[in-house]
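Here is the structure we will look at, set down as structure tokens.
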Amino acid sequence: MSSARPTVYVTRRLPEPAMRLLAETCLVSLWDEVERPVPRDKFLRGVASAEGLLSLLTERVDAEVLAAAPRLRVVANMAVGYDNIDVAACTARGVLVTNTPDVLTETTADLAWALMLAAARRIVEGQRMIEAGAWGPWHPLQMVGVDVYGATLGVVGAGRIGGAVLRRGRGFAMRLLYHNRHPAPALEAATGAVYRPFEDLLRESDFVVVTAPLTPATRGMLGAREFALMRDTAVFVNVARGPLVREDELVAALRAGRPRAAGLDVFEREPIGPEHPLLSLPNCVCVPHIGSATLTTRTRMATLAAENLVAALTGRPLLTPVNLTELAALGRGAPSWERGATDR
Ligand code: GLV
């Protein structure tokens, strides 16, 4: 290992503990803005001499970036999802990819529940009614919603976040169902949830919550056909990735009242603006991709991404690798990386 400090490119100013950690070991080149993503041309120039890249989900890391970064050895994504990264291209180039699982699990599950409750009990619609001066005298069917307590919760995607959403359902005495590519006995043991084929879950659930990753197999998995299978009292929640849903078909389904309501943290093309048709629907609660947005969790995510980056560049065990097994199968990557491999 060379004693020179490795050069890294960081695509946004991160919370201070992460910046400090990087600066201790690396020569940091930074897109020094908090809110605005780095323009593509500056990004491509920024990675030219980088051995490590710390990226956010706003950056596409693809063949073009890899070609612009001949010295690149590791991409540390500050997100659990890594659909913004062409992992196969990274693997073929011998570039490690890491993500930030675990540290955001509970925070994101909390947000899924916030959306379930808000959509079921018409929280945003109620506030809008008051703000519009339209709150008339109390009457028996004013702003009636649907019950959460004792209802059936169906989670699509049995990863860490799906498990945490289900676990919360126990406190609400819910019947718990899940669907996943493969049955997940550990999740069943931890939550008491029962596996259902996808369409059965859609038919049986009062709340359908999507936590699956975005892959070629899951893109567009929820559209008109799937919404038509749901109950007309069902609440649909997406805290995963927007492109899992065919959004125009969701708009039509919500207009038709099946599902009855939706809570969305993610959208096909982000950010959306006030003209987006979903915002015109009283039965849709929209928030701006804030699943992991607490200061504690975002700081942990940034720090974990920084730790992964430094570990990869100093030959220390990685905390949360994505493509280590694939790299090892190709005979690429340092053995020390593998010692730290954990399946989180
Ligand atoms: C956020 O969406 C993430 O994948 O961490």
Side-chain angles (χ1 to χ4, degrees), residues 10-15 17-18 34-35 37-38 53-62 74-87 90 96-116 155-165 180 209-219 221-222 236-245 247 262-272 278 285-309 318-323 342-344:
V10 182
T11 63
R12 207 76 63 86
R13 176 158 287 280
L14 302 175
V34 174
E35 294 186 9
V38 57
L53 166 63
L54 198 154
S55 56
L56 311 188
L57 50 78
T58 41
E59 281 81 54
R60 204 161 28 83
V61 181
D62 54 12
V74 54
V75 179
N77 207 37
M78 184 190 146
V80 64
Y82 45 84
D83 47 281
N84 58 314
I85 296 178
D86 186 339
V87 177
C90 288
L96 271 164
V97 179
T98 67
N99 67 340
T100 60
D102 295 327
V103 292
L104 48 63
T105 298
E106 303 302 337
T107 305
T108 308
D110 283 350
L111 196 269
W113 267 83
L115 290 172
M116 285 167 60
V155 168
V156 179
R160 305 165 185 84
I161 297 170
V165 171
N180 197 46
V209 179
V210 189
T211 63
L214 177 62
T215 67
T218 61
R219 185 176 286 275
M221 72 188 293
L222 286 135
F236 172 68
V237 169
N238 186 4
V239 290
R241 286 290 184 268
L244 294 169
V245 175
E247 216 163 65
L264 307 173
D265 183 40
V266 287
F267 302 87
E268 243 172 16
R269 271 177 296 278
E270 297 174 4
I272 63 169
L278 284 166
V285 178
C286 299
V287 292
H289 204 144
I290 55 170
S292 60
T294 66
L295 182 59
T296 305
T297 292
R298 286 283 167 85
T299 303
R300 283 191 182 137
M301 289 165 67
T303 307
L304 177 54
E307 284 168 349
N308 272 315
L309 198 70
L318 295 171
L319 292 135
T320 50
V322 167
N323 63 343
T342 52
D343 180 16
R344 295 194 171 205

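Counting convention: from 1, in listed order, for ligands and their atoms alike. We number each residue from 1, following the sequence as shown. All values reported here derive from a predicted model rather than from experimental measurement.
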Residues R12, E35; criterion side chain to side chain contact (heavy atoms under 4.5 Å, CB included); working and verdict: CA-CA 8 Å; R12 207 76 63 86; E35 294 186 9; 5.5 Å; no
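Proximity to L57 (heavy-atom distance under 4.0 Å) selects the following atoms of ligand 1: 1 (C), 2 (O). Shown in contact with A79 at under 4.0 Å from a heavy atom are these atoms of ligand 1, numbered in order with element: 3 (C), 4 (O), 5 (O). Per-residue contacts place H289 under 4.0 angstrom from the following atoms of ligand 1 (heavy atoms of the residue considered): 1 (C), 2 (O).
Between F236 and V245, the closest side-chain pair of non-hydrogen atoms falls below 4.5 Å. Looking only at side-chain heavy atoms (C-beta outward), C286 and F267 come within less than 4.5 Å of each other. Taking the side chain as every heavy atom from C-beta outward, L57 and D83 never approach each other to under 4.5 Å.
Remark: ligand 1 and G81 share an N or O pair separated by less than 3.5 Å (distance only, no angle test).
From the protein, the heavy atom lying nearest to atom 5 (O) of ligand 1 is V80 N, 2.8 Å.
Test L54, V38, L53 against V10 for side chain to side chain contact (heavy atoms under 4.5 Å, CB included) and you get one pass: L54.
At a 4.0 Å heavy-atom cut-off, ligand 1 does not touch T100 at all. With a 4.0 Å cut-off on non-hydrogen atoms, L104 touches ligand 1 through its side chain and not its backbone.
Residue V80 comes nearest to N99 through the heavy atom pair O-ND2, 2.9 Å, listed as atom of the first residue, atom of the second, then distance.
Distances from ligand 1 to the non-hydrogen atoms of R241 include at least one value under 4.0 Å.
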